Every structure is written in C-alpha cells, then in structure tokens.
Amino acid sequence: MSRTSAQSSAERADAPPVDQAPAEPSLSHGLKQRHLSMIALGGVIGAGLFVGSGTAIAAAGPSIILAYAISGALVMLVMRMLGEMAAAYPASGSFSVHSERAIGPWAGFTAGWAFWFLLCVAVGLEGIGAAGIVHAWLPGVPEWALVALFMLLFTGTNLAAVKNFGEFEFWFATLKVGAIVLFLGIGVLAILGVLPDVDAPGTSNLTGHGGFMPNGTEGLIVGLLASVFAYGGLETVTIAAAESEHPVQGVAKAVRTAMWRIALFYVGSMAVVVVLLPWTAKEIPTKGPYVATLDHLGIPGAGQIMNVVVLIALLSAMNANIYGASRMAGSLVARGMGPKVVGKITGGVPRVAVLLSAVFGFVCVLLSYWRPDDVFAWLLNTIGAIILVVWFFIAISQLLLRRKLEREAPEKLVVKMWAYPYLTILALAAMVVVFVLMAREHDTRVQLYYTGGLTIVLAIVGYVRQKAAEKKQLA
C-alpha cells in the first residue's frame, strides 16, 4: 500500500485527477456516526477550557466574550475548509494529505510531522495533569506510577480495534459535554434570578470594575491569543473519519453539527462566568472559572465535581492524541515520508505507530521530571503555535484545491466552504494578524520563534526529500 516520495512527485508533475489521493494505509472502518459526532464535540473540550481560560479572563475582563467569539469564528471557517476537503477525500492523514496534494510533498511532510510532534508532547502534558489530580486523592501513589498506568491503559486501547478508541471517546465526550450543558443551564437560571438565594446580577459585572474592556486592547489581545489555542483539537474528527462506516457522510455531518455547538459552549461559558462574577475575582485564575462560578452560586462540592470533569477531559485528550498521532504517523510513512516499519498495519491498526507515539509521550513525561527548566520548557515553547501553522496549511490547501475540485470532480463537494474564496482569504488574513499579535507579546513571541524554527527545519527536510525523489524519478 505504501509508495515513495518519488512516486508522489511524479504523479504531481503529471497533474493527476483530483480524486487520485496519495496512498494511505488500509485501516479498519469501525467508527460509527455517534462516535464521530462526539469526537467532534468532545475533542476540543479540554482542560484548557475548564482551567486555562481563567488566566485569559484575568487579562481580558468581560471582553473575553468578544475574544472567544472572534477566535470561534476563525475556527468555524477553518473547520468548514477542512470539512470540505475531508468530505471530498477522507484520509487518515487529513490536512497533511490535502497539503501534499495542493502544495507539494514538502508541505504534507511539514504539516504532518509538526502535528505529530504537537500531539505527542500534548500526551505527556495531559498525563502529568491527570496524575496530579489523582495524586491529590491518593497521596500514597507516586505520580510517575499514575502516568505509567494512564499511558498503558490508552496505549492498550489504541492497539486494539479502533471501535475501542471510539467507545472510550464517545463516553468521555458525553460526560464533558454534559458537564458544560449543566453548567450553562445553572448559569442561565442564576442570571435570570431563578435560583434560590442568588440575586440576578444584571449587567453590573459587565460594565463595572473598569468596564467591558478594562485592560484595553492589550488585554483583549492576550485573551484572543489564549482563546485561539484553546480551540485546538477539532482536527481529530477529520482524521477519524477515514475509519468510519461512511466516511464522506460522517465527516460532513460531524463538522456541520459540531461547529456552532462548540462556539456556543465556549462563548456561552465565558459569558456566564463574567456576568455572574466580577472579572477581578481572585478565584477565577486560581480555581478556574467553572469552580469559581459554582462556588459563588453555593453549589456543594463544586471543586471536586470539576476536578472529576477535568480529569475526564485530560484522559480523553490523552486517548484522542495517541490515536491522532498514530494515524498521522502511519499516513506519512505510507506516503514515503518516514521509516516503513512505522506504517505497518496489523488487524486494521498501525500498531507500531501507536507504540512510537505513546513512547514519545512518555519520554516527554520523564523530561518534565528530569529537565523541567530547560528541555521540557523548550518542548512546550516549540509546540506553542503549531496549531496555527496547521490552520495556515489548511487554508492554503483549500484555496488551491477548491477550484480543481469544481473542475474535475464537482460531485465530491458534499461540504462547501462559504463564500469561496473570500472567506478563505479573510481567514488567512486573520491568521497573519494572530502571528503578528504573537510577535508583539513576550511570552507568545518566544513560542512563535521556537515553533517557527521547527517549521522551517521540517520544511527544509521535506523540500530536500522532495527534490531528491524528483531527481531519482528522472534518473
């Protein structure tokens, strides 16, 4: 099933029809529509929303609603573009395959391996976070043992049939979505003054304490940057679509239903928090906005309830990221962009790729203990802006492929990007603005430099490989 980069390059030179995709591994099709729908909804709901958004609120104040709305609109455009390409030709390599087709093998190589690296480091981060929560409940169990347990559990889940991954993610996502829906319901009742012993706050917290934008545009920018990266994770559904029963219909429905719901969850949650609580409340960044709000409303056991929810979110992310990393690695290798042994398929599962991705995640955990001040910090900075780089590749690919699809295979346009090409160009411009804003802030500027360095190195390696393959083909 695999083929070399030289073959990919030769086919590109001959301008193949748009429906000829780069070769990919022969995976099973064990995911059902309910799995895809919940992966789409739950994949983006992680600890960044439940806990990390507190820092963004402390910086932006009530204008965090605007920040999440703006970044949510950008994410909806990106997902619509990705949904168009994924429905036209589902592939486990997702945007990496689309980038190779639209721009060249070097682009597919760069986007794919950068995303794989991001997911593997994220697995380590999530393992550390989950172990910290459980260690607080079971202080006698060392954190490293808990991380090892989680890694073994989800490595085993991903080594088995894909339907096992789907079932885990379905129930994890259901619990996360249920928690947010319940939070929004309680919040709306409190805002309306329906809850006992809770007065309706009106607009006092939105307009008081310095106003809607208390820290000016600088605060809004910090909140905007935090919110952009909080949306990362949606891409997994287009990777999973290749292993569903009905890939085209499945990804189309999942993308359509997920976009507005996720925007509602994010923007709605932020609105509930800043309406009910003063943005200056110290509990928001320390406890997290959800716990702080529930404590304010007198909900008993709010802290422990949210700890359970955050634990589920972290475990879900570990499971999904091992899956996404293994499929991306398997796809890259099948297209001649890595060692062949990694792409070996056994029982419809790329088991070597699963083990490679899980091992790298565990190495990141060890580095966090051994070298927290240099090596691990470097890894964190390196992945800081990768998701934005991936989105950039997605937008460029859709801009180039849409016209070719309309010409060669219009029947494959099951999902269409709105107002093409204008909204695609607008999204690209918005990404450039985010890059510029990152360069202005010290913390994000460091991340931008590290991520930029990684991207340039991968692009050079990919370009050299592409040229070598072309020369070999001509010889």
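This one's a predicted model, so the numbers in the text were calculated from it and none came from an experiment.
A side-chain donor from one of Ser94 and Thr238 sits under 3.5 Å from a side-chain acceptor of the other. The closest side-chain donor-acceptor pair between Thr157 and Tyr323, if any, does not fall under 3.5 angstrom. Thr424 and Arg402 form no side-chain donor-acceptor contact under 3.5 Å, judged by distance and modelled atom types alone.
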Verdict with reasoning, Glu218 to Arg440, per side chain to side chain contact (heavy atoms under 4.5 Å, CB included):
CA-CA 10 Å; Glu218 289 300 315; Arg440 291 182 54 195; 2.6 Å; yes
Evaluate Met328 against Phe117 for side chain to side chain contact (heavy atoms under 4.5 Å, CB included), listing each step before the verdict.
CA-CA 10 Å; Met328 182 60 73; Phe117 182 69; over 6 Å; no
Output, in order, the C-alpha distance, side-chain angles, deciding distance and verdict of side chain to side chain contact (heavy atoms under 4.5 Å, CB included) for Met85 and Val97.
CA-CA 10 Å; Met85 294 184 291; Val97 173; over 6 Å; no
Run Arg407 and Lys404 through side chain to side chain contact (heavy atoms under 4.5 Å, CB included) and show every step you take.
CA-CA 5 Å; Arg407 184 176 65 251; Lys404 193 173 183 181; 3.6 Å; yes
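Considering CD1 of Ile394 and CD1 of Ile396, their distance stands at 11.5 Å, rounded to 0.5 Å. Note that the CD1 atom of Ile186 and the CD1 atom of Ile299 stand 4.5 Å from one another [nearest 0.5 Å]. Here Phe95 contributes atom CZ and Leu82 contributes atom CG; the two are 7.5 Å apart, rounded to the nearest 0.5 Å.
Residue Asn321 is tested with Val123, Leu125, Leu118, Val121 for a side-chain contact (heavy atoms from CB on, under 4.5 Å); the sole match is Val123.
Under a 3.5 Å cut-off, the side chain of Thr451 and the backbone N or O of Thr382 do form a donor-acceptor pair. The closest donor-acceptor contact from the side chain of Ser326 to the backbone of Val354 lies at 3.5 Å or more, if one exists at all. Asn158 contributes a side-chain N or O that, together with a main-chain N or O of Phe154, makes up a donor-acceptor pair within less than 3.5 Å. When atom types are taken as modelled, the side chain of Glu283 and the backbone of Ala292 share no donor-acceptor pair closer than 3.5 angstrom. The backbone N or O of His209 lies less than 3.5 Å from a partner atom in the side chain of Trp279, making a donor-acceptor pair. A donor-acceptor contact shorter than 3.5 Å is absent between the side chain of Arg327 and the backbone of Gly93. With Asn205 contributing its side chain and Val275 its backbone, the two residues share a donor-acceptor pair below 3.5 Å.
Counting heavy atoms from C-beta on, the side chains of Met337 and Glu100 come closer than 4.5 Å. Leu437 is not listed as a side-chain neighbour of Glu441, based on a closest heavy-atom distance of 4.5 Å or more. Side-chain contact between Ser96 and Phe115 is absent, with no heavy-atom pair separated by less than 4.5 Å. In this structure the side chain of Val228 reaches within 4.5 angstrom of the side chain of Trp391, judged on heavy atoms. Contact annotation: the side chain of Met270 approaches that of Ser53 to within less than 4.5 Å [non-hydrogen atoms, C-beta and beyond]. Side-chain atoms of Arg403 and Tyr420, non-hydrogen and from C-beta on, do get closer than 4.5 Å to each other. The shortest distance between side-chain heavy atoms of Glu84 and Leu401 does not fall below 4.5 Å. Considering only heavy atoms from C-beta on, Leu119 stays 4.5 Å or farther from Ser357 through its side chain.
Remark: aromatic rings of His98 and Tyr89 are close, center separation under 6.0 Å. Note: Tyr266 and Tyr68 meet the aromatic proximity criterion, with ring centroids under 6.0 Å apart.
The aromatic rings of Phe109 and Trp113 stand perpendicular to each other, their planes meeting at an angle above 60°, with 30° marking the opposite boundary. Below 30°, between 30° and 60°, or above 60°: for Tyr290 and Phe183 the angle between ring planes is between 30° and 60°, a tilted geometry. Classified by interplanar angle (parallel below 30°, tilted 30° to 60°, perpendicular above 60°), the ring pair Phe360/Trp116 is tilted.
Other residues, nucleotides and ligands contribute more than 12 heavy atoms inside 6.0 Å of the CZ atom of Phe212.
Closest approach of Ile180 to Ser269, counting heavy atoms only: CG2-OG, 4.0 Å. Closest approach of Phe150 and Gly127 over heavy atoms only: CD1-O, 4.4 Å.
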